[in-house]
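Inspection log for the structure reproduced underneath, given as structure tokens.
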Amino acid sequence: MSDQLTVVIADDHAWVRGQMRAALEAADCAVLGEAATADDAVRRTLELAPDVVLLDIDMPGSGIRAAEQIARADSASVVVMLTASENDDDLFGSLRAGAAGYLLKETPPDELGDTLRGVLAGRAPLSPRLVARVLDEFRVPARRRFGRNSPAASKLSPREWEVMQLLAEGLTTSEVAARLFLSATTVRVHLSTSLHKLRVGDRADAIRLLREGDCGPNG
């Protein structure tokens, strides 16, 4: 029985798939198949049962949707996202969908094989610049955090949730903007959108709902 790592590569750009294939084969991995769409990625994964499936987020049909479908199918294949996106919604959406890792395409090709082998050893690969964002999810004391899975919080995107959490800690709009590397205007837009989604009139009511886990008057 071979210990060779087996992989399916899913990306809508043929030249990207070619680069990944070359890097993986140079690292003594076996690429069992390739896919250019989310539907193809799911089909090839279930047909070929690789150890790891590498998914791009922005391919037709959405890599996140493919990750969800693979997880729902109880596939033994481990999903790792390999993408250019550093968007928080993509990062946390991928992890919620069942991805075991999230790598940026700037990952050195000669490290890719060992990184994927680490997944099977129980390590969760995450590009270094994104580690702090994940850690921030756990830095606020539990008694002061909003529940991520409450009906109220589920109405918000990960970035909106993050903005509301920092406002609840007492940070000003400018301080939230500096913490998240956003403009103050963008923070105000996230606040306004959150109030609309939660169907409340001000941030105090929004914070109360998020702490209590309620859905709002018509939620």
Side-chain angles (χ1 to χ4, degrees), residues 1-138 148 158:
M1 180 175 175
S2 174
D3 291 329
Q4 192 175 43
L5 183 77
T6 58
V7 184
V8 162
I9 301 168
D11 192 290
D12 57 328
H13 295 98
W15 67 272
V16 173
R17 297 197 305 270
Q19 285 186 327
M20 288 192 283
R21 175 184 281 272
L24 289 167
E25 290 179 345
D28 195 30
C29 299
V31 177
L32 301 183
E34 299 180 11
T37 69
D39 288 342
D40 283 346
V42 174
R43 179 177 57 81
R44 298 291 277 168
T45 299
L46 298 183
E47 285 177 354
L48 300 171
D51 296 317
V52 178
V53 54
L54 280 175
L55 296 178
D56 179 42
I57 283 179
D58 292 324
M59 67 178 141
S62 170
I64 293 177
R65 185 174 68 84
E68 290 173 341
Q69 292 183 353
I70 291 168
R72 283 202 301 268
D74 290 329
S75 169
S77 301
V78 176
V79 172
V80 174
M81 313 308 284
L82 184 63
T83 178
S85 174
E86 297 186 52
N87 181 279
D88 280 3
D89 287 354
D90 287 339
L91 169 61
F92 292 111
S94 296
L95 298 178
R96 284 196 298 270
Y102 194 99
L103 299 173
L104 297 177
K105 286 183 177 176
E106 64 190 34
T107 301
D110 60 354
E111 296 179 6
L112 191 55
D114 285 343
T115 298
L116 296 187
R117 288 188 178 91
V119 176
L120 299 187
R123 294 191 290 274
L126 192 66
S127 289
R129 285 209 304 277
L130 304 178
V131 172
R133 299 186 194 176
V134 175
L135 292 177
D136 278 344
E137 290 286 290
F138 302 95
R148 287 293 300 205

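These figures come from a predicted structure and were not determined experimentally.
Considering every non-hydrogen atom in both Ala36 and Pro60, the closest pair reads O-CD, 3.5 Å. In plain terms, the two heavy atoms of Gly113 and Cys29 that are nearest each other are CA-SG, 4.1 Å. The minimum heavy-atom distance between Leu46 and Ala73, with the atom names listed, is CD2-CB, 3.8 Å. In this structure, Leu5 and Val52 approach most closely via the heavy-atom pair CD1-CG2, 4.2 Å. Residues Gly93 and Ile64 approach most closely at O-CG2, 3.9 Å, considering heavy atoms. Nearest heavy atom pair, residue Asp58 against residue Asp12, reads O-OD2, 4.3 Å.
You'll find the side chain of Lys105 reaches within 4.5 Å of the side chain of Asp11, heavy atoms only. Contact of the Arg72 side chain with the Val42 side chain is not registered, since no non-hydrogen atoms from C-beta on lie closer than 4.5 Å. Contact check for Thr115 versus Val80: no side-chain heavy atoms found under the 4.5 Å cut-off. At least one side-chain heavy atom of Leu120 sits less than 4.5 Å from a side-chain heavy atom of Asp51. Counting heavy atoms from C-beta outward, Leu126 and Leu91 have side chains that approach closer than 4.5 Å. Contact annotation: the side chain of Leu103 approaches that of Leu112 to within less than 4.5 Å [non-hydrogen atoms, C-beta and beyond]. With contacts defined as side-chain heavy-atom distances shorter than 4.5 Å, the pair Thr45/Val79 does not qualify.
In this structure, Met59 CE and Thr83 OG1 are separated by 9.5 Å, a value rounded to the nearest 0.5 Å. Between the CG atom of Leu32 and the CG atom of Leu48 there is a distance of 5.5 Å, given to the nearest 0.5 Å. How far CG of Asp56 is from CE of Met20: 7.5 Å, rounded to the nearest 0.5 Å. If you take CD on Glu106 and CD on Glu86, they are separated by 6.0 Å, rounding to the nearest 0.5 Å. Interatomic distance, Leu54 CG to Arg17 CZ, rounded to the nearest 0.5 Å: 12.5 Å. Here the CZ atom belonging to Arg123 is positioned 11.0 Å from the CZ atom belonging to Arg117, to the nearest 0.5 angstrom.
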*asked:* Evaluate Asp39 against Arg65 for side-chain contact (heavy atoms from CB on, under 4.5 Å), listing each step before the verdict.
replied: CA-CA 9 Å; Asp39 288 342; Arg65 185 174 68 84; 2.9 Å; yes
_Verdict with supporting geometry, Leu104 and Tyr102, side-chain contact (heavy atoms from CB on, under 4.5 Å)_ = CA-CA 7 Å; Leu104 297 177; Tyr102 194 99; 4.3 Å; yes
*Test log, rule side-chain contact (heavy atoms from CB on, under 4.5 Å), inputs Leu55 and Met81*: CA-CA 5 Å; Leu55 296 178; Met81 313 308 284; 3.9 Å; yes
